[in-house]
Amino acid sequence: MADEGERAVQAAIAAEMQLLDPDVRASPVLVSELLDPEFTEFGASGRRWDATSILTVTSAGSVDPDSPVEVSEMSGVVLAPGIVHLTYFADNRGRRAWRSSLWRLTETGWRMYFHQATSTS
């Protein structure tokens, strides 16, 4: 069971890292493949996002391909079968935040169900 749990955590981490990749973020098609249809995010700005609003932003070309997000302290835990909780620290050109994501396994693979960012100095 530990191997299965570790595989689930590693799959969620891989999907999270894809979402942080500037090339993926610049593609609404690729982003939509990683977001759950019921996706919700509370951003570091305090704004509430859903899958549609995230796809609108990514399709507007607001992603800078030359500014990858630096990630550290990534860890994950299986909360229930098919549900993984990730936490990590992200630095995006000096905008620093603790981040938390819930990923769920669907028929089409791992998809982010919920995300929250809390700004920090």
Side-chain angles (χ1 to χ4, degrees):
M1 183 67 165
D3 288 338
E4 185 179 323
E6 184 59 28
R7 281 193 302 272
V9 168
Q10 290 305 315
I13 289 172
E16 183 87 37
M17 296 307 291
Q18 281 184 294
L19 270 178
L20 293 171
D21 182 302
D23 292 331
V24 172
R25 293 185 69 80
S27 169
V29 172
L30 295 176
V31 171
S32 68
E33 291 173 358
L34 292 166
L35 295 183
D36 193 276
E38 297 176 29
F39 171 79
T40 301
E41 174 178 337
F42 298 121
S45 65
R47 181 174 175 184
R48 183 180 184 279
W49 301 85
D50 60 17
T52 302
S53 60
I54 291 291
L55 293 173
T56 299
V57 169
T58 58
S59 65
S62 64
V63 177
D64 182 355
D66 295 325
S67 106
V69 176
E70 296 177 32
V71 173
S72 60
E73 301 183 52
M74 176 77 76
S75 66
V77 63
V78 175
L79 298 179
I83 304 290
V84 171
H85 179 223
L86 299 180
T87 57
Y88 60 98
F89 185 79
D91 186 333
N92 186 3
R93 294 179 292 164
R95 292 191 333 245
R96 300 158 48 96
W98 287 104
R99 297 188 172 268
S100 174
S101 299
L102 289 176
W103 287 83
R104 72 177 172 183
L105 185 58
T106 69
E107 293 176 358
T108 58
W110 287 94
R111 290 182 171 239
M112 183 184 283
Y113 177 76
F114 176 80
H115 185 80
Q116 181 164 1
T118 303
S119 292
T120 187
S121 55

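Only heavy atoms go into these numbers, but all of them, side chains included; no hydrogens, no water, no symmetry mates. All of these numbers come straight from a predicted model, not from anything done at the bench.
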Chemist: As an exercise, state the distance from NE2 of His85 to OG1 of Thr87, rounded to the nearest 0.5 Å.
Modeler: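 If I round to the nearest 0.5 Å, the distance is 6.0 Å.
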Chemist: Say you draw a straight line from CH2 of Trp110 to CG of Asp36; how long is it, rounded to the nearest 0.5 Å?
Modeler: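 Answer for the CH2-CG pair, Trp110 versus Asp36, is 11.5 Å.
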Chemist: Between Ala12 and Val84, which heavy-atom pair has the shortest distance, and what is it?
Modeler: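 Here Ala12 and Val84 meet closest at CB-CG1, 3.7 Å.
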Chemist: Taking the side chain from Arg111 and the backbone from Leu34, do they hold a donor-acceptor pair closer than 3.5 Å?
Modeler: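 It does not hold such a pair.
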Chemist: Using atom types as modelled and distance alone, determine if a side-chain donor or acceptor of Ser53 lies under 3.5 Å from a backbone N or O of Asp50.
Modeler: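 Between the backbone of Asp50 and the side chain of Ser53 there is a qualifying donor-acceptor contact (under 3.5 Å).
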Chemist: Please report the interatomic distance CD(Glu16) to CE(Met74), rounded to the nearest 0.5 Å.
Modeler: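 It comes to 5.0 Å.
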Chemist: Would you say Thr108 and Glu33 make side-chain contact, with heavy atoms under 4.5 Å?
Modeler: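 Not in contact.
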Chemist: Do Leu79 and Leu102 pass the side chain to side chain contact (heavy atoms under 4.5 Å, CB included) test, and can you show the C-alpha distance, the side-chain angles, and the key distance before you say yes or no?
Modeler: CA-CA 9 Å; Leu79 298 179; Leu102 289 176; 3.7 Å; yes
Chemist: How long is the span from the CZ atom in Arg7 to the CD atom in Glu4, to the nearest 0.5 Å?
Modeler: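 These two atoms lie 6.0 Å from each other.
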Chemist: Please report the C-alpha distance between Phe39 and Val31 in whole Å, then the side-chain angles of each, then the deciding distance to 0.1 Å, and finally whether the side chain to side chain contact (heavy atoms under 4.5 Å, CB included) criterion is met.
Modeler: CA-CA 12 Å; Phe39 171 79; Val31 171; over 6 Å; no
Chemist: Determine all donor-acceptor pairs shorter than 3.5 Å in which one atom belongs to a side chain in residues 112-121; sequence neighbours excluded.
Modeler:
| unit_1 | atom_1 | unit_2 | atom_2 | d |
| --- | --- | --- | --- | --- |
| His115 | ND1 | Ser100 | O | 3.4 |
| His115 | ND1 | Ser101 | OG | 2.6 |
| His115 | NE2 | Arg99 | NH1 | 2.9 |

Chemist: So if you build clusters from Ile, Leu, Val, Met, Phe, Trp, Tyr with side-chain heavy-atom gaps below 4.5 Å, do Val24 and Leu20 land together?
Modeler: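 They do share one cluster, since a chain of ILVMFWY contacts under 4.5 Å joins Val24 to Leu20.
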Chemist: Do Val9 and Val71 land in one hydrophobic cluster if side-chain heavy atoms of ILVMFWY residues count as linked below 4.5 Å?
Modeler: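 Val9 clusters together with Val71.
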Chemist: If two hydrophobic side chains count as joined below 4.5 Å and joins carry through other members, does Trp103 share a cluster with Leu30?
Modeler: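 Per the 4.5 Å side-chain linkage, Trp103 and Leu30 are co-clustered.
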Chemist: Measure across Ser72 and Tyr88 and return the closest heavy-atom pair with its distance rounded to 0.1 Å.
Modeler: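 What the structure gives for the nearest pair is O-CB, 3.6 Å.
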Chemist: Can you tell me how far apart CG (Leu55) and CH2 (Trp49) are? Round to the nearest 0.5 Å.
Modeler: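 Answer for the CG-CH2 pair, Leu55 versus Trp49, is 11.0 Å.
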Chemist: Mind checking the CE-CG spacing from Met17 to Leu86? Nearest 0.5 Å is all I need.
Modeler: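 Separation between the atoms: 10.5 Å.
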Chemist: Keeping Arg25 on the side-chain end and Leu19 on the backbone end, is there a donor-acceptor pair under 3.5 Å?
Modeler: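 Answer holds: yes.
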